[in-house]
> 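Got a structure here, written out as structure tokens. Questions coming.
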Protein chains: 2
Amino acid sequence: MLDRLSELRKERKWSLQETADQLGIAKSTYAGYESGYREPSLLSLTQLAELFETTVDFLLGRTDETYGGHGVTEITEIIHQKNVSLFLDGKPLTPDEIIDFIAFIRTKRELKPKRSLVLEK
Amino acid sequence: MLDRLSELRKERKWSLQETADQLGIAKSTYAGYESGYREPSLLSLTQLAELFETTVDFLLGRTDETYGGHGVTEITEIIHQKNVSLFLDGKPLTPDEIIDFIAFIRTKRELKPKRSLVLEK
DNA sequence: ATAGTTTGTACTCGATACGCGTACTTTTTT
DNA sequence: AAAAAAGTACGCGTATCGAGTACAAACTAT
């Protein structure tokens, strides 16, 4: 259930012992959480999320977003979502508006490099 | 630790028994979670979040946002944020791009109502 | 107001899982 | 190759769990 613990710890190049020390628990206890042999208390769970600077939902595998609140959003993916997530002036963006926007910005981004190339010459 | 459970349940006008039934646990078990006298297993915790359509972080009081993942975002507020949260084609949107986007959509929105008024006449 | 029903609270019990310490194995470093 | 570090597995005493039940409080119907 807490498969992601191992991943998060290795990314930071921490040993089981170092990680356990930071949490104030025994190495075997922490190892138990990673292996799934043991479950942390709710307090320990929140401490794990804080230590790894992520959400409990991510630790539990309920979401792939490493941090909640203002999630990182790839606009091209918004079109396919059922729930509207972007608002302007209190009104939800329509799929057409999003599509127009994507085209608009892509065009601007294509124009920019060309101009800078011209200026460099 | 799970103070919010009571709040969420009452909003929905569910009794302890009804709620427990939906979770497939005993009334006394569920009551124990609300009162803080008992802690749910991680599996039960995720089931609670699903039943109440919220995040585990919210249940644990780690965030005030009732739903994580793709949070509802008012674009005008993004400009002031330190962390970039909108990406297009894998690249973060610059403040200029966001400003242009806001202007672009606002212009479109102003044009639309006028046309529909004309058509209605 | 009273009786019946529903809901919430408190308690007990048996079973299970916890955190910890330790030993052993594997991997890494010297 | 030897030593050190890191990871894995195990046993123990204790705490906590889920469930069932009894009781109290709140709500509803008459």
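Please read all numbers here as calculations on a predicted model, not as lab measurements. Quick note on labels: first sequence line is chain A, next is B, and so on, each numbered from 1.
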> Among C/dT9, D/dA19, C/dC18, find the nucleotide with the atom closest to the side chain of B/Ala31.
C/dT9
> Which part of the nucleic acid, if any, lies within contact of A/Gln17, taking any heavy atom under 4.0 Å across all strands shown: a base, the sugar-phosphate backbone alone, or nothing?
nothing
> Just wondering, do A/Leu45 and B/Leu45 contact through their side chains at under 4.5 Å, heavy atoms?
yes
> Roughly, in whole Å, what's the span from CD in B/Glu39 to P in D/dA15?
15 Å
> Send over the distance from B/Leu16 CG to D/dG18 C1', rounded to a whole Å.
15 Å
> Which part of the nucleic acid does A/Tyr33 contact within heavy-atom distance under 4.0 Å: base, sugar-phosphate only, or nothing?
sugar-phosphate
> Using only side-chain N and O atoms of B/Arg9, determine if any of them is under 4.0 Å from OP1 or OP2 of C/dT7.
no
> Roughly, in whole Å, what's the span from NZ in A/Lys27 to C1' in C/dT25?
11 Å
> Under 4.0 Å between any heavy atoms, over every strand shown, what does B/Ser28 touch: base, sugar-phosphate, or nothing? Just pick one.
base
> Is there a side-chain contact between B/Leu51 and B/Thr19, using heavy atoms and a 4.5 Å cut-off?
yes
> Classify the ring geometry of A/Phe104 against B/Phe104: parallel below 30°, tilted from 30° to 60°, perpendicular beyond 60°.
parallel
> Grab the CG-P distance between A/Leu43 and C/dC18 for me, whole Å please.
15 Å
> Any base atoms under 4.0 Å from B/Thr29, or only sugar-phosphate, or nothing? Heavy atoms, all strands.
base
> Which heavy atom of A/Arg62 sits nearest to which heavy atom of B/Thr46, and what is that distance?
CD-CG2, 3.7 Å
> Can you check the B/Tyr37 OH to C/dC13 P distance for me, whole Å?
13 Å
> Nearest-Å distance, CG (A/Leu5) to P (D/dT8)?
13 Å
> Can you tell me how far C1' of C/dA17 sits from CZ of A/Arg38, to the nearest Å?
6 Å
> Over all heavy atoms of both residues, which pair between B/Leu2 and B/Leu59 is shortest? Give the atoms and the distance, please.
CD2-O, 3.5 Å
> Calculate the interatomic distance between A/Ile25 atom CD1 and C/dC18 atom P; express it in whole Å.
12 Å
